[in-house]
Amino acid sequence: MSDLSILETSIIEPLDPAFVKKTLSQPPFYQIQGLINTRSIPLPEPTSGTTKQRGLILRGAETNHITTLGKNQLAQQLGVTTIFDLRSDKERAKFGPDPLDIPGVEIVCVPAMSASQTDDLKATFGGKDRTGVAAMLILDLIGVSDEEIIKDYALTRVGGEPMREMMVKRFAPLLQDPEVGEASINALSCRPSVMRATLDMLREEYGGAAGYLKDRLGFSAEDVAKIIENLTSKEK
């Protein structure tokens, strides 16, 4: 998808069903029963090591409705070994018990995360804001182009389309409020222009993801170097 203009579409307007079906049926999206908006982030080709395939980093929405088949798809078919849950304890409790107990898969509940060589899934409620920022930091750190980072963020507009009507109904009072309606629409949308502005701010205030990880999250220079090595090299 080279033209991202369709992803600027407001959350209150439906996307073309044929476009959504086609997009969700192909990479980077994965169809996991009970999950939405699950897809791989665009990691660059490894720069060194053997020919052994490197693992995926997946991103997705909340996991409260995952089925037994969905769990098997994550663990057995995709080889996910770790899931980073970026939601707060209060938020997880609000949406009921989370059935994400998968043998062999570690669930890590943290507001920030480190990267590793394992297959990872990052999950928030809609898989847009917190997950989007986490993915952006990883991708910027390893030199992925701005256009790829922006596309990765904006694809949530397609990935979240299956729950668009539910979201619009749920937040209808805010969306229709003359004082906060426009801001609410913007908050629920995934416009490419928003991520472009976020990247500009990241560079202006921190010089990029590496500066943010060190200055705001407390990572050492050695930590950052190890993350970059893990994400840009094949397993040896």
*Asks:* Out of the candidates Met167, Arg170, Arg164, only one should pair with Leu188 under the side chain to side chain contact (heavy atoms under 4.5 Å, CB included) rule; please name it.
*Replies:* Met167
*Asks:* Please report the closest heavy-atom contact between Leu141 and Ala209, naming both atoms and the distance.
*Replies:*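 Looks like N-CB, 3.7 Å.
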*Asks:* Looking at every non-hydrogen atom in both residues, tell me the closest pair between Val80 and Val105 and how far apart they are.
*Replies:*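 Taking Val80 first and Val105 second, the nearest heavy atoms are O-CG2, 3.3 Å.
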*Asks:* With the side chain counted from C-beta on, respond yes when Arg59 and Leu155 share a heavy-atom pair under 4.5 Å apart, and no when they do not.
*Replies:* no
*Asks:* Examine distances only and state if a side-chain atom of Thr23 and a backbone atom of Val20 form a donor-acceptor pair shorter than 3.5 Å.
*Replies:*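 Such a contact is absent between Thr23 side chain and Val20 backbone.
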*Asks:* Not counting sequence neighbours, which residues clear side chain to side chain donor-acceptor pair (under 3.5 Å) with Glu222? List them please.
*Replies:* Ser220
*Asks:* How long is the span from the OG1 atom in Thr68 to the CG atom in Asn72, to the nearest 0.5 Å?
*Replies:*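 Those atoms lie 7.0 Å apart.
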*Asks:* Is any side-chain heavy atom of Gln73 less than 4.5 Å from a side-chain heavy atom of Leu35?
*Replies:*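 No - every pair of side-chain heavy atoms lies 4.5 Å or more apart.
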*Asks:* Verify, without hydrogens or angle tests, whether Asp152 (side chain) and Ile41 (backbone) share a donor-acceptor contact under 3.5 angstrom.
*Replies:*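 Not a single qualifying donor-acceptor pair exists.
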*Asks:* Check the hydrophobic clustering (I, L, V, M, F, W, Y; side-chain heavy atoms under 4.5 Å; chains of links allowed) and say if Leu69 and Leu74 are grouped together.
*Replies:*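 No, separate clusters.
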*Asks:* Tell me whether Gln31 contacts the main-chain N or O of Leu24 through its side chain, where contact means a donor paired with an acceptor under 3.5 Å.
*Replies:*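 Checked: pair present.
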*Asks:* Could you tell me if the side chain of Leu78 sits less than 4.5 Å from the side chain of Ile32, heavy atoms only?
*Replies:* yes
*Asks:* Please give me the minimum heavy-atom distance between Gly159 and Phe29, naming the atom from each residue.
*Replies:* CA-CE2, 3.6 Å
*Asks:* Roughly how far, to the nearest 0.5 Å, is the CG atom of Leu231 from the CD1 atom of Ile138?
*Replies:* 6.5 Å
*Asks:* Tell me whether the count of non-hydrogen atoms from other residues, nucleotides or ligands lying under 6.0 Å of CD in Glu182 goes above 12.
*Replies:* no
*Asks:* Calculate, to the nearest 0.5 Å, the distance between atoms CD1 and CD1 belonging to Ile83 and Ile107 respectively.
*Replies:*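 Nearest 0.5 Å value for the CD1-CD1 distance: 4.0 Å.
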*Asks:* Roughly how far, to the nearest 0.5 Å, is CD1 of Ile185 from CD of Gln176?
*Replies:* 9.5 Å
*Asks:* Ignoring hydrogens, what is the shortest heavy-atom contact between Glu148 and Pro42? Give both atom names and the distance.
*Replies:* OE1-CB, 3.8 Å
*Asks:* So Met195 and Thr198, do their side chains get closer than 4.5 Å, heavy atoms only?
*Replies:* yes
*Asks:* With sequence neighbours left out, write down each residue that passes salt bridge (charged side-chain N to carboxylate O under 4.0 Å, His left out) with Glu205, or none if nothing qualifies.
*Replies:*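 Listed in chain order: nothing, the list is empty.
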*Asks:* For Asp223, is there an ion pair with Lys214 - N to carboxylate O distance below 4.0 angstrom?
*Replies:* no
*Asks:* What are the two closest heavy atoms between Ala210 and Val224, and how far apart are they?
*Replies:* CB-CG1, 4.1 Å
*Asks:* Going through the checks in order, is the side-chain contact (heavy atoms from CB on, under 4.5 Å) test met by Ser10 and Arg191?
*Replies:* CA-CA 8 Å; Ser10 167; Arg191 295 186 170 113; 3.6 Å; yes
*Asks:* Flag the pair Leu7 / Cys190 as yes when at least one side-chain heavy-atom distance between them is below 4.5 Å, and no otherwise.
*Replies:* no
*Asks:* Might you work through the side-chain contact (heavy atoms from CB on, under 4.5 Å) test for Leu199 and Arg203, ending with a clear yes or no?
*Replies:* CA-CA 6 Å; Leu199 285 167; Arg203 273 52 172 288; 4.1 Å; yes
*Asks:* CE/Met163 to CG/Asn37 distance, rounded to the nearest 0.5 angstrom?
*Replies:* 7.0 Å
*Asks:* Do you know which two heavy atoms are closest between Ile36 and Pro162, and how far apart they sit?
*Replies:* CG2-CB, 4.5 Å
*Asks:* So, the side chain of Glu161 versus the backbone of Leu15: is there a donor-acceptor pair under 3.5 Å, distance only?
*Replies:*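 Yes; at least one donor-acceptor contact below 3.5 Å.
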*Asks:* Assess whether atom CD of Glu179 is packed by more than 12 heavy atoms of other residues, nucleotides or ligands within 6.0 Å.
*Replies:* no
*Asks:* Please examine the side chains of Ser189 and Arg157, heavy atoms only from C-beta on, and report whether any two atoms are closer than 4.5 Å.
*Replies:* no
*Asks:* With sequence neighbours left out, write down each residue that passes side chain to side chain donor-acceptor pair (under 3.5 Å) with Glu147, or none if nothing qualifies.
*Replies:*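 Residues passing side chain to side chain donor-acceptor pair (under 3.5 Å) with Glu147: Arg196.
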*Asks:* Between atom OG of Ser184 and atom CD1 of Ile11, what is the distance when rounded to the nearest 0.5 Å?
*Replies:*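 Ser184 OG to Ile11 CD1: 12.0 Å, rounded to 0.5 Å.
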*Asks:* Taking C-beta and beyond as the side chain, do Arg39 and Val158 meet within less than 4.5 Å on heavy atoms?
*Replies:* no
*Asks:* Whether the side chain of Thr63 engages the backbone of Ile66 through a donor-acceptor N/O pair (distance < 3.5 Å, no angle test) should be reported.
*Replies:* no
*Asks:* Side chains of Asp140 and Tyr212, heavy atoms from C-beta outward: is any pair under 4.5 Å?
*Replies:* no
